[in-house]
Number of protein chains: 2
Amino acid sequence: MVTLKMLAKELNVSISTVSKALNNSEEIGEETVKRVKELAELYNYKPNKVALSLKNNKTKTIGVIIPNILNRFIAKVLFGIETEAAKHGYNIITCISNESLVKEKESLQLLASGSVDGFILSVAEETQINNEIEHFKQIIKQGLPIVMFDRVAHDVMCDKVIVDDFDAIYNATKSLIKEKRKNIAFISNINDLSVGKLRERGYNKAILEQGKQEPLVLKIKKKKDDHQKIIKNFFKENKTIDAIVAADSSSGIIALNTAINFGLKVPKDVSVIAFASKSDSNHTLPKLTTIRQHAKAMGISAAQMLITRMQNLPANPDVKTKIVKTSIVKNKSTL
Amino acid sequence: MVTLKMLAKELNVSISTVSKALNNSEEIGEETVKRVKELAELYNYKPNKVALSLKNNKTKTIGVIIPNILNRFIAKVLFGIETEAAKHGYNIITCISNESLVKEKESLQLLASGSVDGFILSVAEETQINNEIEHFKQIIKQGLPIVMFDRVAHDVMCDKVIVDDFDAIYNATKSLIKEKRKNIAFISNINDLSVGKLRERGYNKAILEQGKQEPLVLKIKKKKDDHQKIIKNFFKENKTIDAIVAADSSSGIIALNTAINFGLKVPKDVSVIAFASKSDSNHTLPKLTTIRQHAKAMGISAAQMLITRMQNLPANPDVKTKIVKTSIVKNKSTL
DNA sequence: TTGAAAGCGCTAACAT
DNA sequence: ATGTTAGCGCTTTCAA
């Protein structure tokens, strides 16, 4: 890497002259500025980021800790974060906790030693199960702001971006009730997560309000189980199901395909609605009616909130929670 | 952040004494070491990463530039990279080129100014179309190693990790020929990419070798088109299709569902085989027979290659290309 | 056994 | 208009 020192030597001026010239300081003579800039251009000089970070005590880097990059929703949020961060000149360092509390703690610690100016994260499953929050609090005490998205730790005082999970499923279920569905089932693959629980509650509320059926819930334990087989058996044991609300895209897609495989017509015999993305909806036939989470928008919001907070150093104690409303995109799997 | 200076002051010793004590230098007295370490522990002292980077002139950070985080294959490679990097104490800074040449160049430039010790990247579509490679060469000339994966620029001298695209599709097509399929179609959504072209060639070779049918190829222009509709029409216009080879997962999934929707039996009437992941194969019924790319393994390999190269500074001029063999996972969509 | 000083690359207050 | 110096946090050589 070419440094100020090298340029200074070649030009027979001092380092600070070069620095000032490149920063358009009024102090330096026109002629000198020109010479300096030309040489810098020639050598493609770029200020060393690390030196700047040390000097300014800020890195222009955001630490992002996510539980699972293979989750499409999370990947999309990450896309939003990166897009917005880049717009403001920030880079993102990504760590994947892999749903592990230990890895989450480590990553947080490591990045907190000077690598980043703040964090955006979604809480690992293990962390949610154990309800651990001390590591988050400690980081905040160190003066590094955190913005949590989707899976948040409610007891940590920090900015948050979440989805209206409860309302979304409540409304989706109600829309199926309006279709005169009499036996609406709820299928979930994410029942250990905070958001999974909220979604189940939304379903329960809608069903209980209606009062014409008992809640019918299928909870799938991740990984261990053969997702397809479980759902097939569920259909076999509950032949009168005429609608499905799915808390996650896999469950929705598999339920839809299973219904078709059983010779049922979708949506005539069975309606299906699921938390899922646009491309998921294109992967079924008929196209899946989906609850969209606007993942990219969430990422953008999270990044904006963090950047705002990082720029207003005097740690404003009021934290905000932004609820990004979902929307139902009606396709052909519902009436 | 707590610094050596602060510890030194509190202990009434010099900064260098503290530094040495914490680094287990033989020079420092046992008693002092103990005092220093205790205080460091108490204050949860962690050496400042930025200062270390500046001092050592290496950041222990890998720059990863990918065209699209929403591509499941790429996301999986990223997972592999992150896993392996973390194992070796490296962080990853992720930039998303969004298939844009300009963004790719910018990211490369920005990170090259001291933020990272090397790069892992997959070339943007626009870059491949324009066949631009100067920006890569320049980075390498600066002394920063690059490892490319999947979509590589063959004319750049650097380490690469690729898939045996040609052979994979060639073999897949042959396996359909062995099933006595007489009218095998090839569907691709990625025809502008280097890998897409290789896959098409593999298909063509197998078909031409057999000599019993003409190649039947459907190329879908990304984004603009309604993927489902195009494939439906393709089926309508080619009623005798009895097998599909898909260059990408979306095309495979949609083709399978379309066939079923037309009342065809899979795999009795139509076989389908596609480049896709395990979870994709679970999203169809019958389960999709897939060509697996071992994306995570590719990420791990790429990270290993880069780390090796970064540690052997005296830029070894021989570059390696690692070909990660795909494997066909037979499910229920083929005979 | 401990400390002082230099240097990584940069900026900025303070000379000249 | 230009240069000197100090300092960001750390390691390391050299001096005490």
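Per chain, numbering begins at 1; letters A, B, ... match sequence-line order.
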How many whole angstroms separate atom [atom1] of [X] from atom [atom2] of [N]?
X       : N      : atom1 : atom2 : answer
B:Glu26 : D:dT12 : CD    : C1'   : 16 Å
B:Met6  : D:dG9  : CE    : C1'   : 12 Å
B:Leu52 : D:dC8  : CG    : C1'   : 13 Å
B:Leu7  : D:dC10 : CG    : P     : 8 Å
A:Asn56 : D:dC8  : CG    : C1'   : 9 Å
B:Lys58 : D:dT11 : NZ    : C1'   : 13 Å
B:Ile15 : D:dT13 : CD1   : P     : 18 Å
A:Asn23 : D:dT2  : CG    : C1'   : 16 Å

How would you label the contact of [X] with the nucleic acid (heavy atoms, under 4.0 Å): base, sugar-phosphate, or nothing?
X       : result
B:Thr32 : sugar-phosphate
B:Thr3  : sugar-phosphate
A:Lys5  : sugar-phosphate

Determine: side-chain N/O of A:Thr17 to OP1/OP2 of D:dG3, distance under 4.0 Å, yes or no.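 Checking A:Thr17 against D:dG3: at least one side-chain N or O falls below 4.0 Å of OP1 or OP2.
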Residue-phosphate contact under 4.0 Å: B:Ser19 side-chain N/O, D:dT11 OP1/OP2: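 Yes, because at least one side-chain N or O of B:Ser19 sits under 4.0 Å from OP1 or OP2 of D:dT11.
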For DNA chain D, what residues of residues 42-50 of chain B have any heavy atom nearer than 4.0 Å?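 When residues 42-50 of chain B is checked for heavy atoms under 4.0 Å from DNA chain D, the hits, listed by number, are B:Tyr45, B:Pro47, B:Asn48.
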When you check the gap from the basic side-chain N to the acidic O, do B:Asp117 and B:Lys60 get nearer than 4.0 Å?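 Judged by the 4.0 Å cut-off on N to carboxylate O distance, B:Asp117 and B:Lys60 do not form a salt bridge.
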Run the side chain to side chain contact (heavy atoms under 4.5 Å, CB included) test on A:Phe149 and A:Ile162 for me, step by step, so that the C-alpha distance in whole Å, both residues' side-chain angles and the decisive distance to 0.1 Å come before the verdict. CA-CA 6 Å; A:Phe149 71 90; A:Ile162 57 176; over 6 Å; no
Please walk me through it: do A:Gln138 and A:Gln109 pass side chain to side chain contact (heavy atoms under 4.5 Å, CB included)? CA-CA 10 Å; A:Gln138 202 201 320; A:Gln109 272 295 335; 3.7 Å; yes
Considering all heavy atoms of both residues, which atom of A:Met148 and which atom of A:Cys158 are nearest to each other, and what is their separation?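 Where A:Met148 meets A:Cys158 most closely, the heavy atoms are CG-SG, 3.8 Å.
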What is the first contacted nucleotide of DNA chain C and what is the last, in 5' to 3' order, if contact means an atom lying under 4.0 angstrom from a heavy atom of chain B?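 The contacted stretch runs from C:dT1 to C:dG9.
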Is it the case that the side chains of [Y] and [X] hold a donor-acceptor pair, with the cut-off being a distance below 3.5 Å and no angle test?
X       : Y        : result
B:Thr94 : A:Thr94  : yes
A:Ser97 : A:Ser100 : no
A:Thr17 : A:Ser14  : yes
A:Glu84 : A:Tyr90  : no

A:Thr127 and side-chain hydrogen bond (donor to acceptor under 3.5 Å, both in side chains): which single residue from A:Glu104, A:Lys103, A:Glu99, A:Arg151 fits?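 Only one of A:Glu104, A:Lys103, A:Glu99, A:Arg151 forms a side-chain hydrogen bond (donor to acceptor under 3.5 Å, both in side chains) with A:Thr127, namely A:Glu104.
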